[in-house]
Amino acid sequence: MKTRFVRFICFAMLLSVTALCFAPAAAASPFRSPRGSCDFIGGTTVVVTIFVDDPYNNWDFSRSSDKTSYFRVLSRLETACSWLSGQVSRYGASAKIYWDWHNLKHMYYWFTSNKNMRDYENTYTELQRFITDNIPLQTIRDYYSADNVLFMALYNQSKSDTNGGVSFPLDFYAYANADDAYEILWVMDEDNGRSVSAAGLAHEIMHCFGAVDLYAASEYVTRQYADHLNSIRSNDIMFRIDYSNPDHIGESFSELDAYYLGLISFSADRQKYGLSRSSFAK
């Protein structure tokens, strides 16, 4: 394990230097759909991890804290992907998710930006450009027979920073079918002082396949429904995350979540509370 970890670090550092010098010509993404680079979760998905450095924070695996973060995120991503595959199977679909950047090919990259990546005005556009110019999307698609690609950008934020992790889902936007439309998760192991949780990762991944937040009124969810979920102390993963046990997912995957992910075509709650239609709705 230690030797493999050292090989990973050496290769990643080399990649960060060479990628900008030998970047391939940009090509149209083979992962295009009306819902972005993640279409239907009932297929094969590759989660590509990008380690991100900028002038303010960086990854340094001579630090024990960074090694701990590395393996912690890896383990909790495994839990999140396994849980999602299990939930999807309840609705008769099969979700095969490749996530293990430590052992599998074409699964991790290293990006160094000279801009402040904590500024969300930079986050997406910088990563989008890096992906287009440096990540062999067609190779990934062919190697894994993949239907979807999701990018998880890992930023080594300090506990004193208050910016939270976000996802960049595209399901409800016309831009989704563009050549450079990529679903991206922006993840920090230290998120407002809390280590990243398996449930939090599953929640954000679900966004990229069409799920919507249920904890507050929005263009998708009525105030009445958010209040209803609060009154019944809902355990829906899109409504509430329990951070007390970040290695475990005890949250529920509801019929409404299945509806927004395109696993079913009807939801009683959506009809009753006048919620937004799924991006899969015809």
Trainee: What's the separation between atom CH2 in Trp59 and atom OH in Tyr70, rounded to the nearest 0.5 Å?
Mentor: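 It comes to 10.0 Å.
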
Trainee: Classify the side-chain pair Gln87/Arg90 by whether it contains a donor and acceptor separated by less than 3.5 Å.
Mentor: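 Yes, Arg90 and Gln87 have a side-chain donor paired with an acceptor closer than 3.5 Å.
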
Trainee: If every non-hydrogen atom of Pro136 is compared with every non-hydrogen atom of Asn134, which pair is closest and at what distance?
Mentor: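 Taking Pro136 first and Asn134 second, the nearest heavy atoms are CD-O, 3.7 Å.
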
Trainee: Could you walk me through whether Leu256 and Leu214 pass the side-chain contact (heavy atoms from CB on, under 4.5 Å) test, one step at a time?
Mentor: CA-CA 10 Å; Leu256 183 61; Leu214 302 177; 3.8 Å; yes

Trainee: Check whether any side-chain N or O of Asn148 sits under 3.5 Å from a backbone N or O of Phe40 as a donor-acceptor pair, and report yes or no.
Mentor: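 Yes; judged by distance alone, with no hydrogens or angles, the pair exists.
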
Trainee: Indicate yes or no: at least one non-hydrogen side-chain atom of Thr79 is less than 4.5 angstrom from one of Asp247.
Mentor: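 The answer is no, as the side chains (C-beta and beyond) never meet within the 4.5 Å cut-off.
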
Trainee: To the nearest 0.5 Å, what is the distance between CD (Glu255) and CG (Asp269)?
Mentor: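 So the gap between those two atoms works out to 6.5 Å.
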
Trainee: Has Arg240 got its NZ or CZ under 6.0 Å from the middle of the six-membered ring of Tyr215, at an angle within 45 degrees of the ring axis?
Mentor: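 No, cation not above the ring by the 6.0 Å, 45° rule.
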
Trainee: If you measure from the Lys or Arg side-chain nitrogens to the Asp or Glu carboxylate oxygens, is any gap between Asp179 and Arg32 under 4.0 Å?
Mentor: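 The answer is yes: the pair qualifies as a salt bridge.
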
Trainee: Start with the C-alpha distance between Asn116 and Asp119, add both sets of side-chain angles, then the distance that settles side-chain hydrogen bond (donor to acceptor under 3.5 Å, both in side chains), and finish with yes or no.
Mentor: CA-CA 6 Å; Asn116 179 5; Asp119 182 345; 5.6 Å; no

Trainee: Closest approach of Leu185 and Glu204, non-hydrogen atoms and distance?
Mentor: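 Shortest heavy-atom separation between Leu185 and Glu204 comes out as CD2-O, 3.5 Å.
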
Trainee: Please test Asp133 against Arg129 for salt bridge (charged side-chain N to carboxylate O under 4.0 Å, His left out), starting from the C-alpha separation and ending with a verdict.
Mentor: CA-CA 6 Å; Asp133 292 344; Arg129 187 178 303 112; 5.6 Å; no

Trainee: Given 3.5 Å as the limit, does a donor-acceptor pair link the side chain of Glu183 with the main chain of Phe168, or not?
Mentor: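 Between the backbone of Phe168 and the side chain of Glu183 there is no qualifying donor-acceptor contact (under 3.5 Å).
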
Trainee: Applying ring-ring contact (aromatic ring centres under 6.0 Å, His included) to Trp101 and Phe51, what does each step give before you reach the verdict?
Mentor: CA-CA 11 Å; Trp101 76 74; Phe51 291 85; 5.7 Å; yes

Trainee: Minimum heavy-atom separation for Met188 to Val196, with atom names?
Mentor: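 The answer is O-CB, 3.8 Å.
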
Trainee: Is a donor from one side chain sitting under 3.5 angstrom from an acceptor on the other, for Tyr155 and Asn57?
Mentor: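 Checked: Tyr155/Asn57 side chains pair up, N/O donor to acceptor below 3.5 Å.
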
Trainee: Where is the tightest heavy-atom contact between Tyr175 and Leu170, given as atom of each residue plus distance?
Mentor: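 Taking every non-hydrogen atom into account, CD2-CD2, 4.0 Å.
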
Trainee: Please report the interatomic distance CH2(Trp83) to NE2(His248), rounded to the nearest 0.5 Å.
Mentor: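 Output value for this atom pair is 10.5 Å.
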
Trainee: What orientation do Tyr220 and Phe172 show, parallel under 30°, tilted 30 to 60°, or perpendicular over 60°?
Mentor: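 Taking Phe172 first and then Tyr220, their aromatic rings sit tilted (interplane angle of 30° to 60°).
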
Trainee: After noting the C-alpha distance and the side-chain angles of Phe71 and His102, does the key distance pass the ring-ring contact (aromatic ring centres under 6.0 Å, His included) rule?
Mentor: CA-CA 9 Å; Phe71 287 110; His102 191 72; 5.5 Å; yes

Trainee: Give a yes or no answer on whether the side chain of Ser37 reaches the backbone of Val149 with a donor-acceptor pair at less than 3.5 Å.
Mentor: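 A pair under 3.5 Å: yes.
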
Trainee: Examine distances only and state if a side-chain atom of Tyr124 and a backbone atom of Tyr182 form a donor-acceptor pair shorter than 3.5 Å.
Mentor: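 A pair under 3.5 Å: yes.
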
Trainee: Any chance the side chains of Ser234 and Asp236 put a donor and an acceptor closer than 3.5 Å?
Mentor: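 Short answer, no.
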
Trainee: First locate atom NZ of Lys272, then atom OH of Tyr225, and finally report the distance between them rounded to the nearest 0.5 Å.
Mentor: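 Answer for the NZ-OH pair, Lys272 versus Tyr225, is 9.5 Å.
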
Trainee: Would you check if the side chain of Ser75 reaches a backbone N or O of Arg72 as a donor-acceptor pair within less than 3.5 Å?
Mentor: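 Looks like no, no N/O pair under 3.5 Å.
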
Trainee: Let me confirm one number: the CG-CD distance from Leu275 to Gln224, rounded to the nearest 0.5 Å.
Mentor: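 The CG atom of Leu275 sits 9.0 Å away from the CD atom of Gln224.
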
Trainee: I'd like to know if the side chain of Asp171 reaches the main chain of Gly210, judged simply by a donor and an acceptor atom lying under 3.5 Å from each other, with no hydrogens or angles considered.
Mentor: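 A pair under 3.5 Å: yes.
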
Trainee: To the nearest 0.5 Å, how far apart are CD1 in Ile41 and SG in Cys208?
Mentor: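 Interatomic distance, Ile41 CD1 to Cys208 SG, rounded to 0.5 Å: 10.0 Å.
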
Trainee: Report yes or no: does Arg76 contribute a side-chain atom to a donor-acceptor pair with the main-chain N or O of Ser197 at less than 3.5 Å?
Mentor: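 Checked: no pair found.
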
Trainee: May I ask you to decide if Ala226's main-chain N or O and Asn230's side chain share a donor-acceptor pair within less than 3.5 Å?
Mentor: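 Checking the backbone N and O of Ala226 against the side chain of Asn230, no donor-acceptor pair under 3.5 Å is found.
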
Trainee: Do Asp213 and His207 pass the side-chain hydrogen bond (donor to acceptor under 3.5 Å, both in side chains) test, and can you show the C-alpha distance, the side-chain angles, and the key distance before you say yes or no?
Mentor: CA-CA 8 Å; Asp213 285 322; His207 272 312; 2.9 Å; yes

Trainee: Are any side-chain N or O atoms of Ser85 and backbone N or O atoms of Cys81, one a donor and one an acceptor, separated by less than 3.5 Å?
Mentor: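 Yes, Ser85 side chain to Cys81 backbone: donor-acceptor pair under 3.5 Å.
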
Trainee: So, Ser69 and Asp66: side-chain donor and acceptor under 3.5 Å apart, yes or no?
Mentor: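 Short answer, no.
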
Trainee: Under the 6.0 Å and 45° cation-pi test, does Arg35 pair with Phe280?
Mentor: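 Yes - Arg35 lies over the ring of Phe280, closer than 6.0 Å to its centre and within 45° of its axis.
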
Trainee: Determine whether the side chains of Asp257 and Tyr91 contain a donor N or O and an acceptor N or O closer than 3.5 Å.
Mentor: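 Result is no, nothing qualifies.
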
